[in-house]
There are 2 protein chains.
Amino acid sequence: MSDELVDRLRLVRSPGIGPVTYRQLIARFGSASAALDAVPDLAARGGGRAPRLISRAEAEREIERIAVLGGRYLVFGQGLYPRALAELDDAPPVITAKGDLKLFDRPLIAIVGARNASAAACRFARQLAYDLGQQGATVVSGLARGIDSAAHDGSLETGTIGVVAGGLDVFYPPENKPRQQAMFERGLVVAEMPPGTEPRARHFPYRNRIIAGLSLGTVVIEAAPRSGSLITARLAAEAGREVMAVPGSPLDPRAQGCNLLIRQGATLVQDAVDVLEAIRPIQPGLASHRASRDVAEPQWIDGDGDALGLVEDLLGPSPVPVDEIIRLSGVPNGAVQIALLELDLAGRLDRHAGGKVSLRPA
Amino acid sequence: MSDELVDRLRLVRSPGIGPVTYRQLIARFGSASAALDAVPDLAARGGGRAPRLISRAEAEREIERIAVLGGRYLVFGQGLYPRALAELDDAPPVITAKGDLKLFDRPLIAIVGARNASAAACRFARQLAYDLGQQGATVVSGLARGIDSAAHDGSLETGTIGVVAGGLDVFYPPENKPRQQAMFERGLVVAEMPPGTEPRARHFPYRNRIIAGLSLGTVVIEAAPRSGSLITARLAAEAGREVMAVPGSPLDPRAQGCNLLIRQGATLVQDAVDVLEAIRPIQPGLASHRASRDVAEPQWIDGDGDALGLVEDLLGPSPVPVDEIIRLSGVPNGAVQIALLELDLAGRLDRHAGGKVSLRPA
């Protein structure tokens, strides 16, 4: 068992250390082991109590459980980790996967949509997934009811990846157990949460960012205006990926989300040819230069005792862009990041979308 | 009876003098009367026989017929002529109209679509026209079966304009007679062709350019991929107007044309709010500076005997942009235009979309 994996898991699984904080710790200290040692001091400097780190034994038990399951860990910054996913600012530090990892090597296209989709839309999703598979793409979805299941079924023979919101060994919804087991054998299933985790509402947006982040583009079929599928579409757009939507009549309430997406700039697609035409200009190789950035040489800006105070003074309960903090404080970027890291580990910082941060109300 | 109107009609109704040629004749000679006198010489210089001009008596008979019908003439370059229509390069020199001309003064929005549209789409068109009418817009369409008729019906109470492909007094399709008559009384009907003209296939694209040209934007509902409605949409785009389309499921063959338009950049609209949002940025007043350009002072570039020869040498059976002729010949724009006019009147020039011209094969 790799000590480095154990140490990384201890960081990743500890409450209060999210993907961004994790990445900054690794960048700052060069290894998970050094980061673990430093966390208490950093938190103290930030003026709070250190997060409770999970024990070595707990991490080892999880690793054992994944091994028994026949799964494996993919670690950010290491070779097997999917390049496109590594591009996300909040890429998962570690994912677990069971199945055929070679499916990552083909163009990945996500198909997502409503759990309560119409039968016609499910048939459409299944056919689209089949056609994309025939063209050499791997289809990514979320192993949910409705569109997701249809997309996996249509591409099981050619290559399909399911990203689950809970643990790798948890079947949700329960009737998807045979589908998920078939994908262990003939596709690939991916999870960010530790094994045994029952999915909760807050897990789904995290799961959705992985679907969007793995894929060159995301196709949305029959989504309600405020649905998880539209979150996936937004995350895909934020990651610079292609967002595609299948339109419907204004008289069909289930078409509202997709029509809205198209109004906002998503590409209208009607078949696999449209989808492939939309993603063709994207070069997956572009991602490669970023895949290993968390193992970059640690940079230590010589401690400036005032940086933390300056940064803290500029922060309040309203989220502000980190760039603004840097500009207003006159403190170099590196020192600002360390101050934020210290506040973060002290439980005094909230991180928001778009790189904004705020001070957590006491 | 205005002599100028009689002379203009004699030019307009003469075979071989299209809207572009007409406009150049007026610009060159300052009046229709002077243009009529010049046509034989111009044609001779261009190396052909002069077009047969209709007689004064023929023009007077048409004017009498429109008067009996209760219609009137709107002449390009004069006050009542719709400003937006005057912006077209091939704006009709003269249109006949019967009904309420004040309907031109409100924001004009075209609704067009399939003659064999589904009942649901017809209901949708009727409701959209009604809602746009309630918001103060005038709805423009083509008095055809299906979507056009539904759009007129939905906006009859608030303001609707029908552009017919044949003469003002011709009812096509025949079952639309009561609708067209109701629009004489409570709406407005417009025709480019002389009264009594039965519409033929070639008239419909001309009619469509008037629908597009009158309107700030065109909404397409249920159109086949190679249909007149898509021609209207293309003409609207070429005239710099907003093109909007109502989407449908990829499984619905009648949605193909609209979905194609949206893929090509048309704005997806689902209701009147979407339509008004799309056209709001457009200032109808922008058109005004162009409305009177055919009464501009005539410009005569001193006859350069070589210009005609140079231009003729550069022309062949393949359409080429006039700009290219100007550049390659080194002849000033004005002289090139006159040479083209001479060739045109001699029946030796074909004018094509996008300002291209070719020499007609002998």
Side-chain angles (χ1 to χ4, degrees), chain A residues 111 113-114 117-132 147 150 154 217 219-225 233 242-280, chain B residues 111 113-114 117-132 147 150 154 217 219-225 233 242-280:
Chain A
I111 298 178
S118 66
C122 288
R123 264 202 316 279
F124 182 90
R126 191 183 168 121
Q127 183 67 44
L128 180 63
Y130 177 86
D131 291 342
L132 289 171
I147 297 296
V219 180
V220 185
I221 302 174
E222 273 198 5
E242 188 69 23
V243 180
M244 294 159 276
V246 178
S249 162
L251 302 171
D252 179 358
R254 283 180 284 208
Q256 297 306 300
C258 285
N259 288 351
L260 182 71
L261 279 179
I262 295 166
R263 275 180 63 78
Q264 293 170 344
T267 301
L268 184 155
V269 293
Q270 297 200 86
D271 53 29
V273 173
D274 288 351
V275 172
L276 293 168
E277 190 181 301
I279 63 153
R280 196 173 301 133
Chain B
I111 299 178
S118 67
C122 288
R123 264 202 316 279
F124 182 90
R126 191 184 167 121
Q127 183 68 44
L128 180 64
Y130 177 85
D131 292 341
L132 289 171
I147 297 295
V219 181
V220 185
I221 302 174
E222 272 198 6
E242 188 69 23
V243 179
M244 295 159 275
V246 178
S249 162
L251 303 171
D252 179 358
R254 283 181 285 208
Q256 296 307 299
C258 285
N259 289 350
L260 182 71
L261 279 179
I262 295 165
R263 275 180 62 78
Q264 292 171 344
T267 301
L268 184 156
V269 293
Q270 298 200 89
D271 53 29
V273 173
D274 288 350
V275 172
L276 294 169
E277 189 181 303
I279 64 154
R280 197 173 299 135

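Convention: sequence-line order gives letters A, B, ...; per-chain numbering from 1. Not measured: the values here are computed from a predicted model.
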Checklist line | Contact list for residues 261-270 of chain A, test side-chain hydrogen bond (donor to acceptor under 3.5 Å, both in side chains), sequence neighbours left out | finding: A:E242-A:T267, A:R263-B:D274, A:R263-B:E277, A:Q270-B:Q256, A:Q270-B:N259

Next item on the list: Side-chain contact test, heavy atoms from C-beta onward, threshold under 4.5 Å: evaluate it for B:P250 versus A:V246 and give yes or no.
Entry: yes

Checklist line | For A:P247 against B:G248, the heavy-atom pair lying closest together | finding: CG-O, 3.4 Å

Quick check for you: to the nearest 0.5 Å, what is the distance between [X] atom [atom1] and [Y] atom [atom2]?
X	Y	atom1	atom2	value
A:S249	B:E222	OG	CD	8.5 Å
B:S118	A:L251	OG	CG	8.0 Å
B:L268	A:L268	CG	CG	7.5 Å

Checklist line | B:A255 versus chain A, the contacting section by heavy-atom distance below 4.5 Å | finding: neither

